[in-house]
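Data block below; observations after.
Bear in mind that the values here come from a model prediction, so they are computed numbers and not experimental data.
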Amino acid sequence: MHAARMALNRDPELRRWAEQWLKDRERGAQPALTDEEFEKHWLYVRPERMHEGAIEAVAAYTQRDEQS
């Protein structure tokens, strides 16, 4: 996890991509929320999701690059 978090902190492009990827995944898990409600929800859960999802997001980013 530490390496994934360091990668997110060092690479702004990776961080933006990972945050959007995690946000999209969270949105899929919260379909009943309106867009406004979801934005408020995301502000609240973002730090936790970024921390918990760092490894998975970096792996998805790497796979995306390998498939290109």
Side-chain angles (χ1 to χ4, degrees):
M1 164 136 0
H2 183 69
R5 293 289 301 148
M6 283 179 52
L8 290 176
N9 289 334
R10 291 184 178 164
D11 185 341
E13 178 186 342
L14 170 58
R15 183 176 184 84
R16 281 189 298 275
W17 189 93
E19 183 170 351
Q20 187 59 53
W21 186 81
L22 290 165
K23 187 177 182 180
D24 291 345
R25 191 170 76 167
E26 182 71 18
R27 184 63 172 132
Q30 303 294 333
L33 298 179
T34 66
D35 289 344
E36 183 178 326
E37 290 170 332
F38 178 75
E39 289 303 321
K40 288 178 184 177
H41 167 77
W42 180 248
L43 288 175
Y44 179 73
V45 301
R46 180 184 165 270
E48 184 178 334
R49 297 302 183 262
M50 291 293 289
H51 181 74
E52 290 175 348
I55 293 172
E56 200 172 356
V58 170
Y61 183 83
T62 302
Q63 286 180 339
R64 176 195 69 104
D65 282 348
E66 289 173 358
Q67 293 174 357
S68 300

key: Distance (rounded to the nearest 0.5 Å) between L14 CG and T62 OG1   = 7.5 Å
ask   = Taking the side chain as C-beta and beyond, is there a heavy-atom pair between E26 and F38 under 4.5 Å?
value = yes
task = Measure the shortest side-chain to side-chain distance between K23 and E39 over non-hydrogen atoms and say whether it is less than 4.5 angstrom.
result = yes
key: Beyond-backbone contact of W42 with L22, side-chain heavy atoms, under 4.5 angstrom   = yes
ask   = Would a 4.5 Å heavy-atom cut-off, applied to side chains only, mark P12 and R16 as touching?
value = yes
ask   = Out of curiosity, R25 CZ to E56 CD, how far, rounded to the nearest 0.5 Å?
value = 4.0 Å
query = Can a donor-acceptor pair be found between the side chains of E13 and Y61 at a distance below 3.5 Å?
reply = yes
Straight-line distance of E19 CD to R49 CZ, nearest 0.5 Å = 13.0 Å
key: Heavy-atom side-chain proximity of R5 to M50 below 4.5 angstrom   = yes
message = Just so I know, are the side chains of R64 and W21 near enough to count as touching, which here means a heavy-atom distance under 4.5 Å?
response = no
message = Using a 6.0 Å cut-off, check whether atom NE2 of H41 has over 12 heavy atoms from anything other than its own residue.
response = yes
ask   = Is R27 salt-bridged to D35, cutoff N-O under 4.0 Å?
value = yes
key: Close side-chain approach of L33 to Q30, heavy-atom, < 4.5 Å   = yes
query = If you group Ile, Leu, Val, Met, Phe, Trp and Tyr by side-chain heavy-atom gaps below 4.5 Å, do V45 and L8 land in one group?
reply = yes
Atom pair OG1/NZ of T34 and K40 - distance to nearest 0.5 Å = 8.0 Å
